[in-house]
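In what follows, a structure is listed as structure tokens, so that the remarks can point back to it.
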Number of protein chains: 2
Amino acid sequence: MNISIFSYKQNIKVDFTERSTRIKLYAKVNSIMSKGQETKQRLLDSAQQLMYSRSYSDVGVQEICKDAKVQKGSFYHFFSSKSALTVEVLEQLKMQMIESILLPAFAKDLTPSRRFERFIEYAYQHQVQIKEQYGYVLGCPMGNIALEMSTQDEEIRKKVETLFESIFYVFVDVLDDAKKAGEIDQDADTSELAQVCLAYGEGVLLVAKTKNDPEVVKQLLPYVSKLIGFKGQNI
Amino acid sequence: MNISIFSYKQNIKVDFTERSTRIKLYAKVNSIMSKGQETKQRLLDSAQQLMYSRSYSDVGVQEICKDAKVQKGSFYHFFSSKSALTVEVLEQLKMQMIESILLPAFAKDLTPSRRFERFIEYAYQHQVQIKEQYGYVLGCPMGNIALEMSTQDEEIRKKVETLFESIFYVFVDVLDDAKKAGEIDQDADTSELAQVCLAYGEGVLLVAKTKNDPEVVKQLLPYVSKLIGFKGQNI
DNA sequence: TACAAAATAAACTGACCAGTCTACTATTAA
DNA sequence: TTAATAGTAGACTGGTCAGTTTATTTTGTA
């Protein structure tokens, strides 16, 4: 139950709060992690796993502790509340998402439009794997929590909002590249297009989860190129 | 707490399970409703309101009963479970959505592309009103429940899936009209485009809810025309 | 008016909720 | 070695959860 959904490297911090997508790496070796930090990490991993496969409300602190083999006293030693834990889970989720999907997909070895194609393939493969593993398409872990918790927990809502911003900057970066490469209109509003891409991606994952069918991702996500307006392309 | 979110007319059944969007009206006067049926309706309305403004899990049977001024015994007289109630709430939600937004927006007095513009305006105005009323953008009540419950309650997931199908048929209908009118490509796959529209709409509402900002709807939803590929249009 | 069915009231399960508390045991640094 | 700090253990709180049960009242119909 503690295998991470994304392949996960410890303690790599990526800063997307600046528009430039410079990456800062604070390399730390796993073995340096103290016993306490390992316990905390187990709690974060269990919580992430359980909440993603079910929901925030359906997973209790007790169950997270049991899964992580940690006592309740320890839980509240590391986290002030379930909500505070969730905010940290979301941060971890963002790092994993950027590292294991966005950065590889949008690496600059291909043309911007090809990067999008690779992104679509990764997103599809990811949902296929999730369905094999859990029996359900789980969609986007951030979108899921956002819709469930936005009206109930302002800290969580804000956190998801900033996560979306981080992803947004990744899209802006590729779209700016596309503009430079002449793949899209010179007067395209890349900032607005990035928001559009994010929204469409979330929507496709929502529908895929509802239908419990990863093929929805494969079928619908390519339409993102229409949204962006890549020149000379028919999906 | 019992004022419906959508203006609601009783007992009008719209059949969108057939691709033709013929409407069957079973007109029933309110006063014919028996006292028991009124109680049931109060439970449905309270549940809809409370679950939309918060979430499925955060609203308990007890709270629904209190809001509807109904005793727990009565609740379980009308509904076999909270899940069964929710399925009926979803059905009611679909009817209201079709009646108060989709049918008026996509009425055939305008060209298909103009109907979409009207739809966007309605969707935007609706979220503005919701935010005024609750202090929060609540997004799509079906999408919300879908993401929260799809992996936990198969009946609810299936119900949302069929609701999405009903909405899908409405979109197919307009898109077919657009094809006939020559507003889109003659070889456009209207069925696939309808799915794309649905996904994008859900995505935009998800982002709007996350940012708690109805303006997101106004800004992003118009891009749907790019997705559809209306000829000679720049958003 | 009589009677069955529909509806309501309210107390009651047993399980679980997030979070607290106190006592205990490692770990670290002086 | 000592003392402080970090981490762990697990019982416990008051409250809520979905759902049950039994008795009673209201309603429609014959």
Side-chain angles (χ1 to χ4, degrees), chain A residues 2 28 30-48 50-51 54-90 145 148-149 151-156, chain B residues 2 28-48 50-51 53-90 145 148-149 151-156:
Chain A
N2 279 320
K28 265 192 195 173
N30 280 10
S31 59
I32 289 179
M33 242 207 287
S34 71
K35 204 178 168 233
Q37 287 306 301
E38 267 176 44
T39 306
K40 185 178 176 181
Q41 193 57 54
R42 276 209 313 285
L43 284 167
L44 285 170
D45 290 343
S46 289
Q48 178 176 316
L50 291 167
M51 283 180 185
R54 312 236 291 283
S55 73
Y56 175 91
S57 310
D58 198 49
V59 177
V61 171
Q62 206 164 287
E63 189 178 357
I64 294 167
C65 289
K66 195 182 170 186
D67 187 75
K69 293 177 177 61
V70 167
Q71 230 50 39
K72 227 172 191 190
S74 301
F75 181 100
Y76 284 99
H77 173 75
F78 292 110
F79 304 102
S80 63
S81 67
K82 188 186 174 188
S83 169
L85 159 86
T86 306
V87 169
E88 289 200 40
V89 166
L90 285 166
I145 290 184
E148 184 185 354
M149 299 305 296
T151 57
Q152 292 178 68
D153 191 308
E154 183 64 11
E155 297 304 311
I156 292 178
Chain B
N2 278 318
K28 264 190 193 175
V29 185
N30 279 10
S31 59
I32 288 178
M33 242 208 286
S34 70
K35 204 178 167 230
Q37 287 304 301
E38 268 177 42
T39 305
K40 186 177 176 181
Q41 192 57 54
R42 274 207 315 282
L43 285 168
L44 286 169
D45 290 343
S46 289
Q48 177 177 317
L50 291 167
M51 284 180 186
S53 62
R54 312 235 292 280
S55 74
Y56 177 90
S57 309
D58 198 51
V59 177
V61 172
Q62 205 162 289
E63 189 179 357
I64 294 167
C65 289
K66 195 181 170 187
D67 187 74
K69 293 177 177 61
V70 168
Q71 229 53 36
K72 226 176 194 185
S74 301
F75 181 101
Y76 284 97
H77 173 75
F78 292 111
F79 304 102
S80 62
S81 66
K82 187 185 174 186
S83 168
L85 160 86
T86 305
V87 169
E88 290 200 41
V89 166
L90 285 166
I145 291 183
E148 184 184 355
M149 299 304 297
T151 58
Q152 294 178 68
D153 190 308
E154 184 62 12
E155 297 304 312
I156 291 178

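In what follows, every chain begins at residue 1, and chains take the letters A, B, ... in the order their sequences are listed. Computed from a prediction, not measured in an experiment: that's the story for all the values here.
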d([atom1], [X]; [atom2], [N]) in whole Å:
{"X": "B:Phe78", "N": "C:dA9", "atom1": "CZ", "atom2": "C1'", "result": "13 Å"}
{"X": "B:Gln71", "N": "C:dT8", "atom1": "CD", "atom2": "P", "result": "10 Å"}
{"X": "B:Arg42", "N": "C:dA7", "atom1": "CZ", "atom2": "P", "result": "13 Å"}
{"X": "B:Glu38", "N": "D:dT27", "atom1": "CD", "atom2": "P", "result": "11 Å"}
{"X": "A:Leu43", "N": "D:dG7", "atom1": "CG", "atom2": "P", "result": "12 Å"}
{"X": "A:Lys69", "N": "D:dA9", "atom1": "NZ", "atom2": "P", "result": "13 Å"}

Return the [atom1] to [atom2] distance between [X] and [Y], rounded to the nearest 0.5 Å.
{"X": "B:Phe75", "Y": "B:Ser80", "atom1": "CZ", "atom2": "OG", "value": "9.0 Å"}
{"X": "B:His77", "Y": "B:Leu43", "atom1": "NE2", "atom2": "CG", "value": "11.0 Å"}
{"X": "A:Gln41", "Y": "A:Gln48", "atom1": "CD", "atom2": "CD", "value": "9.0 Å"}
{"X": "A:Tyr56", "Y": "A:Met149", "atom1": "OH", "atom2": "CE", "value": "4.5 Å"}
{"X": "B:Gln71", "Y": "B:Tyr76", "atom1": "CD", "atom2": "OH", "value": "13.5 Å"}

| Does A:His77 place a side-chain N or O at less than 4.0 Å from the phosphate oxygens OP1/OP2 of D:dG7? |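 Answer is yes, contact under 4.0 Å.
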| request: Starting from the C-alpha separation in whole Å, work towards a yes-or-no answer on side-chain contact (heavy atoms from CB on, under 4.5 Å) for B:Asp58 and B:Glu63. | output: CA-CA 10 Å; B:Asp58 198 51; B:Glu63 189 179 357; over 6 Å; no
| field | Letter per nucleotide, 5' to 3', of nucleotides 15-20 of chain D [B base touched, S only sugar-phosphate touched, - untouched; heavy atoms, 4.0 Å] | value | --SBBB
